[in-house]
Amino acid sequence: MELQVRLRQIIIFFFLLLTVLENSSAARILSIAKPDRHDVAASARWLVSQNIWGVLSTLSIEHEGAPFGNVVSYSDGLPGKGNGVPYFYLTTLDPTSRNALKDSRASFAISESPIGTCKRDPMDPTCSKLTLTGKLLQVNEGSEEEKVAKKALFTKHPEMMDWPKGHDFRVFKLEIINIFLINWYGGAKPITVDEYLRYKA
């Protein structure tokens, strides 16, 4: 009888633990430890590799070119093998992809806050934030790049595989032109696109 009670308690404990882990962004297991803040290329790449979503902004064709921000999921590669380039799985039913197909100028902003390593307000300079500016381009359908990007996206976001086929989902990527990074006091840190893309963990 005592054994049954203990087993029941253990099962309840693990159920509660899984529930907490499932609903806590801070409980995500990091695949790479947070780098030294002085290594700005590492900081930027870490933010991109560890995050799963951000705000993708395009120029609205429905609102006379006004900026249109949209929360989107993304991946920059398989876990531990990211290349720093964000890939997105977007439907043409959504304004973001339609905007990009007319005018590719875009920016993508992500924060350290959802990762769970920053306990301060997201606007605090010690809570790293990154904005990548460039061109939001559709990846060629049937290409090797699309195949690799889909694998990366579906690995990080498995439910994408079940999204409606009739909704015209396509793979897009952000071709990075400029990088804005704040990971400490003192304003934006200087980092070139080449430094960012060449970084190896």
Check your understanding: So with a 6.0 Å cut-off around CZ of R37, is the heavy-atom count from everything else above 12?
Key -> yes
Review point. Counting heavy atoms not belonging to R98, are there more than 12 under 6.0 Å from its CZ?
Key: yes
Can you tell me how far [atom2] of [Y] sits from [atom1] of [X], rounded to the nearest 0.5 angstrom?
X    : Y    : atom1 : atom2 : value
E146 : E141 : CD    : CD    : 6.0 Å
I179 : T131 : CD1   : OG1   : 11.0 Å
L174 : F108 : CG    : CZ    : 8.0 Å
T126 : I182 : OG1   : CD1   : 11.0 Å
K156 : W53  : NZ    : CH2   : 13.0 Å
S73  : L56  : OG    : CG    : 11.0 Å

Practice item. Please name all residues satisfying side-chain hydrogen bond (donor to acceptor under 3.5 Å, both in side chains) with E64, sequence neighbours left out, ordered by chain then number. Key: none
Practice item. List in chain and number order the residues that pass side-chain hydrogen bond (donor to acceptor under 3.5 Å, both in side chains) with E195, two or more places apart in sequence or in another chain; answer none if no residue qualifies. Key: T192
Point to revise | K135 NZ/CZ over F172 ring centroid, <6.0 Å and within 45° of normal | key: no
Hey, any chance [X] and [Y] share a hydrophobic cluster, counting ILVMFWY side chains that come within less than 4.5 Å of each other, even indirectly?
X    : Y    : value
L130 : L197 : yes
Y199 : W46  : no
Y87  : L101 : yes
M160 : V85  : yes

Nearest atoms (heavy-atom pairs only) where [X] meets [Y]:
X    : Y    : result
G84  : I176 : O-CD1, 3.8 Å
V171 : A149 : CG1-CB, 3.7 Å
S107 : T133 : CB-OG1, 4.0 Å
Y196 : R45  : O-NH1, 2.8 Å
S111 : C127 : OG-SG, 4.3 Å
G54  : I110 : CA-CG2, 3.8 Å

Please confirm whether the backbone N or O of [Y] pairs with a side-chain atom of [X], one donor and one acceptor, at under 3.5 Å?
X    : Y    : answer
N99  : I61  : yes
S128 : E112 : no
K189 : W184 : yes
K119 : S113 : no
H157 : Y74  : yes
N140 : S143 : no
S43  : D39  : yes

Is the shortest heavy-atom distance from the side chain of [X] to the side chain of [Y] under 4.5 Å?
X    : Y    : value
P114 : I52  : no
I115 : L47  : yes
F169 : P164 : yes
D76  : S49  : yes
V193 : I177 : no

**Study point:** Inter- and intrachain pairs under ring pair (Phe, Tyr, Trp, His ring centres under 6.0 Å), touching residues 119-156, at least two apart
**Key:** Y89-F154
Exercise for review: Would you sort out whether D124 and Y185 count as a side-chain contact (heavy atoms from CB on, under 4.5 Å), showing the intermediate values?
Suggested key: CA-CA 9 Å; D124 189 288; Y185 301 104; 4.0 Å; yes
**Study point:** Under-4.0 Å salt bridge between R170 and D168
**Key:** yes
Exercise for review: Kindly indicate, with the supporting measurements, whether the criterion side-chain contact (heavy atoms from CB on, under 4.5 Å) is fulfilled by T96 and F68.
Suggested key: CA-CA 8 Å; T96 298; F68 177 80; 3.7 Å; yes
Exercise for review: Go through N70 and D94 one step at a time and tell me if the side-chain contact (heavy atoms from CB on, under 4.5 Å) criterion holds.
Suggested key: CA-CA 10 Å; N70 201 359; D94 186 272; 2.9 Å; yes
Review point. Do K150 and M161 pass the side-chain contact (heavy atoms from CB on, under 4.5 Å) test, and can you show the C-alpha distance, the side-chain angles, and the key distance before you say yes or no?
Key: CA-CA 9 Å; K150 278 186 175 180; M161 291 185 283; over 6 Å; no
